[in-house]
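What follows is a short report on a single structure.
By convention in this document, chain letters (A, B, ...) are assigned in the order of the sequence lines, proteins followed by strands, and residues within each chain are numbered from 1.
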There are 2 protein chains.
Amino acid sequence: MDAITIKDIARALNLSTSTVSRALRDSYEINPETKRLVVEYAARFNYRPNPIALSLKENRSRVIGVIVPQIANNYFSQVINGIDAVSYSRGYQVIIFQSHESYERELLTVQQAVARKADGLLISLSGSTSDVSHLRDLQERKLPIVLFDRVSKDLDSLCVTADNFTGAFAATEHLIQSGRRRIAHLTIPSYISITQERLAGYRAALEKYGLPYDENLIRYSEFGQNNVEPVVNDLLDQSPDAFFAAGDRLALGCLAALKKRNVAIPEAVSLIGFTNTPVADLLAPPMSTVEQPALEIGQVAAEQLIDLIEGKRKLAQPGMIRIPTRMIVRESSQPVGNILQV
Amino acid sequence: MDAITIKDIARALNLSTSTVSRALRDSYEINPETKRLVVEYAARFNYRPNPIALSLKENRSRVIGVIVPQIANNYFSQVINGIDAVSYSRGYQVIIFQSHESYERELLTVQQAVARKADGLLISLSGSTSDVSHLRDLQERKLPIVLFDRVSKDLDSLCVTADNFTGAFAATEHLIQSGRRRIAHLTIPSYISITQERLAGYRAALEKYGLPYDENLIRYSEFGQNNVEPVVNDLLDQSPDAFFAAGDRLALGCLAALKKRNVAIPEAVSLIGFTNTPVADLLAPPMSTVEQPALEIGQVAAEQLIDLIEGKRKLAQPGMIRIPTRMIVRESSQPVGNILQV
DNA sequence: GTAGCTTTCGGTAACGTTCCCGATAACGTT
DNA sequence: AACGTTATCGGGAACGTTACCGAAAGCTAC
C-alpha cells in the first residue's frame, strides 16, 4: 500500500479534490461537517501531503541546502547541528552536501541543490574555490545565499563567521606575553577569507609588540592531517618557539608532527590552535585553543537565511556578522617557567 | 531568470515537448538532425531535468535517506562519508537526518524521508528506540531498508555492523593478558544490539580465562560526555583495574572522568575504547582502541541498499554483514611493568 | 494502386496539489 | 418577482516530465 493522496480521500468521500484540499487547509468556504469528515478520514488513513507535488507546484521546497567542505570535521558537524536546530523549528528541512574541498564538487553540489529547488543555500566555501561566479549567478537569480566560516568578499552576500581577527590577535598576544618571540603561523590556502583575517590578527599582534613579521614563519598547508607533517618539519628549520595553527585539522596535525619529532611542548615550542575539538583538554599536552562558537554560527546563519527566504530581510544586503571567539589557555602554551604549576 | 524547461526548448524550436524529451533521451525515433538541434539548444541554455517533476512522475527520487543519531560524532560522520562516496558514484543523492537519540525524532524523520519519496533508508537506530514497528510497516510497503551499527534483531532486514563480538572479545582478552582481573565494562543503554554483542564478547573472554562475571562492573550510561562522569565515579567504588568502554563518547568521557579523579592510566587502571576517534594517539595517555571500520560500514551498507533498490537483491532477505574490527594497543592499556618501554 | 511498413513527430494523460473560475442552491432585498 | 448575496462545492489548469497512442508522409511490395 502506498501513501494516501487527496484524490483517494475525494473518491472515498464523494467529493472533489479541491474540496478536500480546502477542507484540509481549513478554508472558510467549506461546510464544517464536510471538514470534519475529511479531516477524520485523513487522520484515519494517515494522510500526508506530498511535498514533492507541492515543490513542483509552488516552485519552492522548504528545503535548505547546506554545503560544507567535510562533514567528518567536528567544527562543521557542530555548525550543522546549529543549522539543523533552527531550520527544524522554523519548518525547513536541511539537505547536506560535501564539497570535499574540491571546487568541481562544489559546483556540482550547488547545481544539485538548485535543481532540487532548495529555497536557499548555506555555504562554507571549499578550500580550492577561488572563483565565486557560480554563486553570484544564483544570487542574481534571487536565490538567497548566506556564507559562513569560509566566506568571500567577492560575493555580496550575508556572511557569518567567527571573529577571526580578534581571535588570532588574542592567541598571538597570549603567546607573546608568555615569552615567545618567533611565532610560526600554520594556515590554510590563502584565497579563503578566514586565512587572511587570522593572518591579519596575527600580524597586528606582532606589530603591537614590535616584533618583526617574518614570512618564513608563515606556512600554508593543504587539508588532511598527512599533509601537515612535512610543513611542520620544514618550519622547524626556522627555529620557532611557538606554533599558532589556524584550523582544526592543522592544530592536531601539528601536534602529531611535533610529538613525532619529539619536540617538547610547551618547553621547546608553544602550541595554540584555532579549533573546536571537544577533546582538546584530553590531549597530551592539553592544547590551548581559540574556540569558535560553531553551534552559534550555524544558528545565526540559518536564521539569517530563513529571514531572507521569507522576505523578512531584503536581498542583496551584504554584511558580515562576527561571532566572538573564546580563548582557552591550557598546558600547551604555558610559559616555560610556569609549567610545573599547572 | 529561472531554470529552463523542456517546454521552453520545445517552444523555441517549434517542436512538441514529447519530441524534445525523446531527443534528450536519445530515442531512436527522432531524426538525428532534430536531435542535434535539441541537444545543442539544451546545452547552450544549460538545461537540467527537474528532479522534482521526475520524482512526482516516477514515484522515486534517486535519493537515499540516512538517519543517524548524531552527525557530530566522528564515527557517524565517517560512515556518512562511506555512504556518500558509494551513493554518489551510483547516481544517488543522500539526505541526512538526525534522530538526536530520540525515538520521537526518529519517527518524525523517517516519515519525512518517506514523504520525500526516498528510494531507500539507511538507519542507525536511536538510543531510545526499543520498538521498530514503524520500520516494519515501511518494509511491508516494500521500502528497502538497511540497518547499520545500531541494528535490531526485531526487524527482518539486512544489517551491516562491525564485528562487535570479536572486537569486544579481543579487547577484553588483551586486558586480561596484560594482567587485569577486575575489568569494568561501560556501555550504552541496552536495547541496542551492539550493546549486547559487545557485552557478550566481553563475557566470553572472561569465561575463557575463568574470570567471574560481576554485574557490578557493568554500567550503562546515557549519551553525552557529561553523563559519563558519575557512572565512572560510581564504578570506581568497585575497585576495577581496567575499563572497557563500548563507544566513542563513552571512552572519551571515561578518560576525562578518570583524569579528573587523578586515577593513573594505565598504572591504576587500564583503559580501552571501542571507538573511532582519529586523535586517540594524541590523547594523554594515547588510548588503546578497537577501531571500527566506519567508512567501510558506510560503503557496504550503501551498496547493499542500492542493490536492494535496483532489484539486484531480493527484498526481505535478512542477514547480517559483519565488518572486522582492528585492535590498536596504545599506552592506556599497557601492563604496568611495561610502561616505561613505550 | 492499394495495402502495409517505416520514419518522424504531436497530442494527451498522468503523477499530487492548489488556485482560479464558475455553478448551484438557498436566502434576503427591494 | 426580479435580482443580489452567501454558503458550499466542482471543474479545470498548471507545475515539468515521460509514456502511450496515434498520425502524416514517404516508401516498398504485391
- Query: Who pairs with B:Asn81 by side-chain contact (heavy atoms from CB on, under 4.5 Å), at least two apart in sequence or on another chain?
  - Reply: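 Scan of B:Asn81 (side-chain contact (heavy atoms from CB on, under 4.5 Å), adjacent residues dropped) gives A:Gln70, A:Ala72, A:Gln98, A:His100, B:Leu295.
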- Item | All side-chain contact (heavy atoms from CB on, under 4.5 Å) counterparts of B:Ser89, not counting sequence neighbours |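 B:Ser89 satisfies side-chain contact (heavy atoms from CB on, under 4.5 Å) with no other residue.
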Which residue pairs satisfy the salt bridge (charged side-chain N to carboxylate O under 4.0 Å, His left out) criterion with at least one member in [range], sequence neighbours excluded?
range                       : answer
residues 295-304 of chain A : none
residues 90-115 of chain A  : A:Arg90-A:Asp307, A:Arg90-A:Glu310, A:Glu101-A:Arg150
residues 45-59 of chain B   : none
residues 118-127 of chain B : none

Can you tell me how far [atom2] of [N] sits from [atom1] of [X], to the nearest Å?
X        : N      : atom1 : atom2 : value
A:Lys117 : C:dG16 : NZ    : C1'   : 18 Å
B:Ile9   : D:dT18 : CD1   : P     : 11 Å
B:Arg25  : C:dT8  : CZ    : P     : 20 Å
B:Leu24  : D:dA19 : CG    : C1'   : 16 Å
B:Leu13  : C:dG10 : CG    : P     : 10 Å
B:Asp8   : D:dT17 : CG    : C1'   : 13 Å
B:Asp26  : D:dT18 : CG    : C1'   : 16 Å
B:Ile6   : D:dT18 : CD1   : C1'   : 8 Å

- Of A:Glu58 and A:Lys7, the one whose closest DNA chain C nucleotide lies more 5':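 Its nearest nucleotide lies further toward 5', so the answer is A:Lys7.
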Output a table of donor-acceptor pairs, distance under 3.5 Å, between side-chain atoms of residues 38-45 of chain A and any protein atom two or more places apart or on a different chain; print 'none' if there are none.
| from | atom 1 | to | atom 2 | distance (Å) |
| --- | --- | --- | --- | --- |
| A:Glu40 | OE1 | A:Arg36 | NH1 | 3.2 |
| A:Glu40 | OE2 | A:Arg36 | NH1 | 2.9 |

- Item | Residue pairs fulfilling side chain to side chain donor-acceptor pair (under 3.5 Å) with at least one residue in residues 22-31 of chain B, sequence neighbours excluded |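 Passing the test, one end in residues 22-31 of chain B: B:Asp26-B:Lys35.
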- Item | Between the first and last five pairs of the helix from C:dG1-D:dC30 to C:dT30-D:dA1, the angle of the axes, rounded to 10 degrees |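 End-to-end axis angle for the helix from C:dG1-D:dC30 to C:dT30-D:dA1: 70°, rounded to 10°.
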- Message: Does anything in residues 135-156 of chain A form a ring-ring contact (aromatic ring centres under 6.0 Å, His included)? List the pairs, not counting sequence neighbours.
- Response: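 The answer is none; no pair qualifies.
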- Query: Is it true that a side-chain atom of B:Ser55 and a backbone atom of B:Pro51 form a donor plus acceptor pair closer than 3.5 Å?
  - Reply: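 Yes: the side chain of B:Ser55 pairs with the backbone of B:Pro51.
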- Query: Taking the side chain from A:Arg62 and the backbone from A:Ala118, do they hold a donor-acceptor pair closer than 3.5 Å?
  - Reply: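 A pair under 3.5 Å: no.
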- Message: Across nucleotides 7-12 of chain D, 5' to 3', mark each nucleotide with B, S or - according to how protein heavy atoms within less than 4.0 Å reach it.
- Response: -BBBB-
- Task: Give one of base, sugar-phosphate or nothing for A:Thr5, where a contact means two heavy atoms less than 4.0 Å apart.
- Result: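 Sugar-phosphate only.
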- Message: Just to be sure I understand the geometry, which residues of residues 38-57 of chain B put a non-hydrogen atom under 4.0 Å away from DNA chain C?
- Response: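 Close to the strand are B:Leu56, B:Lys57.
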